[in-house]
J.: 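Encoded as structure tokens, here's the structure I'll be asking about.
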Amino acid sequence: MATEVTDVPDRRRYEITSDGEFAGYAEYIPTGDMLTFTHTEIDPAFEGKGLGGTLVREALDDVRARGLSVLPMCPFVRDWIGRHRDYADLVYRSSGE
């Protein structure tokens, strides 16, 4: 199974394909130096194949490469970061924290 994750800024989301078929997305709101992830969805036909995790990992790798931080409002993204602590440094923290 070949997957590809692509940032689609005009739709404000990262999209994942599996063997060339659209499989899901992670929506975000861009704000300055941060992306707020609001919703992640995998098509039911592709559930249970790890595509949600692949989508989030590759989206966060792109965020890191761009020097941005994230605000994980989406429960899936928030829980994924909680299980993969090596991505915790990307989470936005206000200067008062």
Side-chain angles (χ1 to χ4, degrees):
M1 172 174 64
T3 60
E4 182 177 359
V5 174
T6 308
D7 183 16
V8 185
D10 59 322
R11 290 186 171 171
R12 294 182 178 180
R13 66 188 196 179
Y14 285 88
E15 296 181 349
I16 188 167
T17 58
S18 176
D19 293 330
E21 291 186 61
F22 177 79
Y25 59 88
E27 293 179 332
Y28 61 80
I29 299 169
T31 309
D33 293 338
M34 177 176 63
L35 295 183
T36 300
F37 282 90
T38 58
H39 181 71
T40 302
E41 190 169 319
I42 297 296
D43 185 292
F46 294 93
E47 288 180 356
K49 299 180 180 185
L51 294 180
T54 299
L55 171 59
V56 171
R57 178 184 306 277
E58 292 192 27
L60 294 178
D61 285 346
D62 184 60
V63 167
R64 176 173 279 139
R66 293 167 52 193
L68 303 174
S69 60
V70 299
L71 184 58
M73 299 302 291
C74 168
F76 185 85
V77 175
R78 184 176 53 246
D79 292 347
W80 191 92
I81 291 171
R83 290 189 312 274
H84 299 86
R85 300 306 300 163
D86 50 324
Y87 286 85
D89 63 304
L90 293 175
V91 177
Y92 171 78
R93 304 243 187 316
S94 69
S95 57
E97 290 185 37

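Just so you know, these numbers come straight off a predicted model, no measurement behind them.
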J.: If hydrophobic clusters are built from ILVMFWY residues whose side chains come within less than 4.5 Å, do Y87 and L55 share one?
T.: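 Hydrophobic grouping puts Y87 with L55.
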J.: Shortest non-hydrogen contact from R66 to L35?
T.: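 Shortest heavy-atom separation between R66 and L35 comes out as NH1-CD1, 4.4 Å.
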J.: To the nearest 0.5 Å, what is the distance between CD (E4) and CD (E15)?
T.: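 Reported value, rounded in 0.5 Å steps: 10.5 Å.
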J.: What distance separates E27 CD from R12 CZ, expressed to the nearest 0.5 Å?
T.: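 Result: 10.5 Å between the selected atoms.
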J.: Using a 4.5 Å cut-off on heavy atoms from C-beta on, say whether the side chain of I81 contacts that of L90.
T.: no
J.: At their closest point, which heavy atom of R13 faces which heavy atom of D7, and how far apart are they?
T.: O-OD1, 3.6 Å
J.: With side chains defined as the heavy atoms from C-beta onward, is the minimum distance between F76 and F37 less than 4.5 Å?
T.: no
J.: Output the distance between atom CG (L71) and atom OG1 (T36), rounded to the nearest 0.5 Å.
T.: 4.5 Å
J.: Find out if a path of hydrophobic residues (ILVMFWY) with successive side-chain heavy-atom gaps under 4.5 Å connects Y25 to W80.
T.: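 Hydrophobic grouping puts Y25 apart from W80.
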J.: Considering non-hydrogen atoms only, spot the tightest contact between A26 and T40 and give its length.
T.: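 It is CB-OG1, 3.8 Å.
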J.: Does P72 reach the side chain of Y28, with side-chain heavy atoms less than 4.5 Å apart?
T.: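 The answer is no; the side chains never approach within 4.5 Å.
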J.: Taking side chain as C-beta onward, heavy atoms only, is Y14 less than 4.5 Å from E58?
T.: no
J.: Should we count CZ of R57 as having more than 12 external heavy atoms under 6.0 Å?
T.: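 It does: R57 CZ has more than 12 such atoms within range.
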J.: Checking side chain to side chain contact (heavy atoms under 4.5 Å, CB included) between F46 and each of T3, L51, I16, which is the one that passes?
T.: L51
J.: How about R64: does its CZ atom have over 12 heavy atoms from other parts shown lying under 6.0 Å from it?
T.: yes
J.: Would you say D33 has more than 12 foreign heavy atoms packed within less than 6.0 Å of its CG?
T.: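 For D33, atom CG is not crowded (no more than 12 foreign heavy atoms under 6.0 Å).
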